[in-house]
Amino acid sequence: MRAIDEWVGRVSTLLAMLAAVCTLAIMVTMVADVANRVSGRGSISGAYELVTMLLVMVVFLGISYSERTETNVRVTLATSKMPRAVARVVRTFGGLVSFVIVAWFARTTWDAALVSMERGEFTQGLVDFPVWPSRLVIAVGFTLLALEVLLGTWRRWVRAGTPAASSRGSLPDHASQATDVVADGEQGVRA
Amino acid sequence: MNPDLITAIVFGLFFVLLISEVPVGFALAISGALGITLLRDADLATSTLGSVPFRETSTYSLAIIPMYILLGMFALHGRLAERVYGFAARVLRRVPGGLGIATVGACAGFAAVSGSSVATAASIGKISVHEMVKGGYKAPFAGGIVAIGGTLGILIPPSVAMVLYGVIARESISDLLVAGVVPGVLAAVAYSVFIAVRSRSMVVPAGARLEDSLVVAGGGSASTSAATSSVGTDAAARGLHEAGIDLRDLAASTEESTSGQQVRGVLWIGLIFGAIVVGMFSGLFTVIESAAIGAVIALVMLVVENVRGGVRDVLTRGRDAILEAASVTSMAFALVIGAGVLSTYLVMARIPMRLTEFVVDLDLPPAVIVVLILAILIPLGMFLETLSILVIVVPLVHPVVVELGYDGVWFAVLFVIMLEIGLVTPPIGMNTFVVSMTSGLKLEEVFQGVLPFLLVSLAVVALVFTFPDLALWLPGQLAD
């Protein structure tokens with residue numbers, strides 16, 4: 001299980017890096033479009049459509065990494081007040097329900113992506129831009145997100161079962177480490 | 001099944017899912033999908049889940065969100081916050097309450113390049129609280145100043161919250177961003193005046209008795225950080241992480257900056273904010289493009305200001321900023337997609353229309369209804385974070401307020417100021433947790449220190465409520 005977890009984590013990080021590159025590409029495309037317009041050569045044709053496609057890519061290439069790093073907004077007020085054993089069960093229930101909705105998203109977006117690919121769907125504007133790559137990325141993003149949700153639920157279950165976890169409450173690993181670093185930093189020690 | 005009963009089930013389920021730590025975006029989607037299934041059938045719910053992700057993300061104007069987030073991340077990793085604070089502290093040191101006013105000024109300045117309140121409070125808080133405590137400020141007062149100053153991040157443009165409001169309510173994003181300027185500056189001035197007045201009793205003057213100084217400084221000792229509740233620590237860690245901030249960076253970012261670096265920091269902020277303002281007012285480029293131009297300037301700043309630390313340092317900072325921007329963007333859009341599914345159900349069940357009819361038929365003056373809606377945001381802010389409240393509440397209340405005859409942009413400004421208040425109210429006052437965690441102050445001290453500032457915030461709400469032109473004058477200039 002740990003090997004699968006590491007492998008999925010690597011894929012999520014790789015996709016997030018691609019998302020980061022797409023974010024930069026949006027920035028560069030917009031600035032180039034402005035520069036072209038200001039210099040009197042008019043808008044770059046296809047810039048509008050390219051930015052729209054890149055935005056979809058940024059969101060869905062980064063979505064599994066966002067779950068892996070626990071960036072998604074959660075309310076921990078209730079579980080942090082519960083007895084540890086109860087909180088462990090409640091969190092696992094929440095994780096499984098999350099998996100169901102994300103898997104549902106994945107299944108239905110795969111259907112949409114396959115239909116789009118079969119039809120060769122494209123946008124109708126100044127430049128005809130293919131839509132199917134965006135739809136494919138959405139489906140891939142949700143599939144990997146479903147795996148991350150499942151693995152995250154497993155990690156939280158295991159973590160809550162170890163004695164060290166009880167002293168840390170519900171802090172995710174990275175947050176606990178970060179807290180330690182700040183606490184050390186207060187005393188002039190860098191971890 | 002009766003739509004009212006289905007709606008009760010949908011919101012009941014949503015509440016249960018929130019308690020179970022289901023991410024808010026997923027909880028919104030599950031509740032919406034169940035509502036559609038019960039109201040119509042599972043096939044329609046499946047079709048909605050298949051179409052919403054593409055529909056809610058493939059919109060050109062939404063590219064402003066990753067650009068603002070990217071801009072904020074470059075500013076954060078480029079160590080702009082500490083330099084602006086250093087400048088403000090140097091200039092205002094001799095003014096009564098100068099360090100406190102400098103903190104609010106630096107928060108307002110950093111807010112002008114960062115769309116996040118948590119990022120603002122975290123970056124300014126780490127350095128300014130210790131400076132203020134060293135300068136004789138009582139610890140709760142110092143913590144309260146940073147917590148309230150940080151809230152300016154979501155009001156002064158660029159503001160991700162304002163953009164999301166515009167997306168959900170279908171209001172002009174440019175108008176909303178511009179509308180936040182005057183109330184944001186007004187709030188900053190009001191906090192500064194309050195600090196200057198209170199500094200007489202809350203700051204131990206130079207040459208005071210040693211015991212007094214020790215009592216004051218005691219609030220900032222490292223040992224007090226252990227007293228921060230686990231709930232607060234957890235929430236703060238999550239809040240920082242959701243804002244894309246690594247605490248390791250904050251721990252390492254307390255080195256002194258030179259006066260040259262401080263002046264350049266202010267110039268960079270002026271340049272970035274100037275680009276955004278030019279985009280809004282000149283018509284040379286759109287407000288969406290101005291976000292990208294701002295991000296480019298911030299990237300240049302990150303390179304120029306950190307190149308002395310070596311190319312490797314610059315590359316690491318740049319890579320972290322972009323990666324975190326991508327991650328936070330996905331998080332923000334997960335909320336938008338979840339809200340899109342729930343909104344589809346709400347529209348199918350005609351909930352906003354029926355709510356509007358119900359409220360309009362109430363035998364209450366419209367102003368009272370708006371006040372009641374705004375008042376509901378305070379308890380909501382105690383349990384939910386900013387963007388979540390926005391995606392849940394705006395689709396329900398915005399149509400009501402517009403139907404009552406009020407300006408949607410004016411209401412958006414009031415709404416966001418109330419969200420700001422939620423950021424510093426217990427038990428989920430995210431900014432207070434973040435200040436407590438990054439400064440080492442006790443959580444209860446920060447809450448105690450921020451309470452008097454809430455009265456100032458409410459006074460600003462009352463002013464904008466009474467004089468709508470405070471919010472609407474600048475967007476009017478934009479139209480001209």
Side-chain angles (χ1 to χ4, degrees), chain A residues 16-17 19-20 23-24 26-27 30-31 33-34 38 48 51-52 55-56 58-59 62-63 65-66 69-81 90-91 93-94 97-98 101-102 104-105 108-109 111-112 134-135 138 142 169-172 174-175 178-179 181-183 185-187 190, chain B residues 17-26 29-30 33 46 49-50 53-54 57-58 60 62-63 66-67 70 222 225 230-231 233-235 237-238 241-242 246-248 250-252 284-285 289 292-293 295-296 322-323 325-331 333-335 383-385 387-388 427-428 440:
Chain A
M17 284 176 179
T23 311
L24 279 183
I26 292 178
M27 182 182 81
M30 281 186 172
V31 173
D33 193 30
V34 171
V38 170
Y48 182 95
V51 165
T52 308
L55 178 61
V56 178
V58 169
V59 173
I63 203 164
Y65 180 76
S66 159
T69 53
E70 300 191 13
T71 307
N72 280 323
V73 184
R74 286 179 165 84
V75 176
T76 54
L77 184 71
T79 42
S80 59
K81 301 262 187 201
V90 169
R91 273 194 209 107
F93 164 75
V97 175
S98 300
I101 189 69
V102 177
W104 195 356
F105 264 122
T108 185
T109 51
D111 289 346
S134 307
R135 291 206 185 268
I138 293 175
F142 273 122
S170 59
L171 275 173
H174 59 81
T179 316
V181 171
V182 164
E186 297 286 351
Q187 292 149 31
R190 180 95 167 94
Chain B
L17 295 176
L18 285 187
I19 288 176
S20 311
E21 272 192 34
V22 172
V24 179
F26 301 171
I30 297 166
T46 303
L49 293 183
F54 183 74
T57 51
S58 60
Y60 177 83
L62 293 185
M67 289 303 99
L70 187 63
S225 63
S230 66
V231 182
T233 310
D234 193 9
R238 284 193 183 285
H241 201 65
E242 283 153 14
D246 191 335
L247 281 173
R248 288 159 224 257
L250 291 177
L284 202 59
F285 39 85
E289 291 166 338
I293 292 170
V296 168
I322 303 165
L323 205 56
S327 179
V328 174
T329 299
S330 293
M331 177 275 284
F333 275 93
L335 287 171
F383 297 99
L384 283 168
E385 60 74 57
L387 296 185
S388 306
I428 301 283

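Each chain gets a letter, A, B and so on, in the order the sequences are listed, and its residues count up from 1.
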Quiz prompt | Pairs of heavy atoms under 4.5 Å with chain A: top-ranked of Y60(B), F26(B), F54(B) | solution = Y60(B)
Self-check item: Interface residue of largest heavy-atom contact number with chain A, from S58(B), G50(B), P23(B), under 4.5 Å
Solution: P23(B)
Self-check item: Under 4.5 Å from a heavy atom of chain A, the part of A29(B) involved
Solution: both
Quiz item: Which one, L18(B), L62(B), L323(B), leads in non-hydrogen pairs under 4.5 Å with chain A?
Solution: L323(B)
Quiz item: Checking heavy atoms, do the side chain of L17(B), its backbone, both or neither come under 4.5 Å from chain A?
Solution: side chain
Quiz prompt | Toward chain B, the part of A78(A) with a non-hydrogen atom under 4.5 Å | solution = side chain
Practice problem: Using non-hydrogen atoms and a 4.5 Å limit, figure out which bit of F93(A) sits close to chain B: side chain, backbone, both or neither. | Solution: side chain
Quiz item: Can you find a heavy atom in the side chain of T109(A) that is under 4.5 Å from one in the side chain of R135(A)?
Solution: no
Self-check item: When G62(A), S134(A), S66(A) are compared by non-hydrogen pairs under 4.5 Å with chain B, the top option
Solution: S66(A)
Exercise. Check whether any side-chain heavy atom of F142(A) lies under 4.5 Å from a side-chain heavy atom of P53(B), and answer yes or no.
Key: yes
Quiz item: Do T71(A) and S327(B) meet the criterion of a side-chain donor-acceptor pair at a distance under 3.5 Å?
Solution: yes
Quiz prompt | Residue pair V34(A) / M30(A), side-chain heavy-atom distance below 4.5 Å | solution = no
Quiz item: Taking side chain as C-beta onward, heavy atoms only, is I322(B) less than 4.5 Å from L70(B)?
Solution: yes
Exercise. State the CG-CZ distance between L49(B) and F105(A), to the nearest 0.5 angstrom.
Key: 4.5 Å
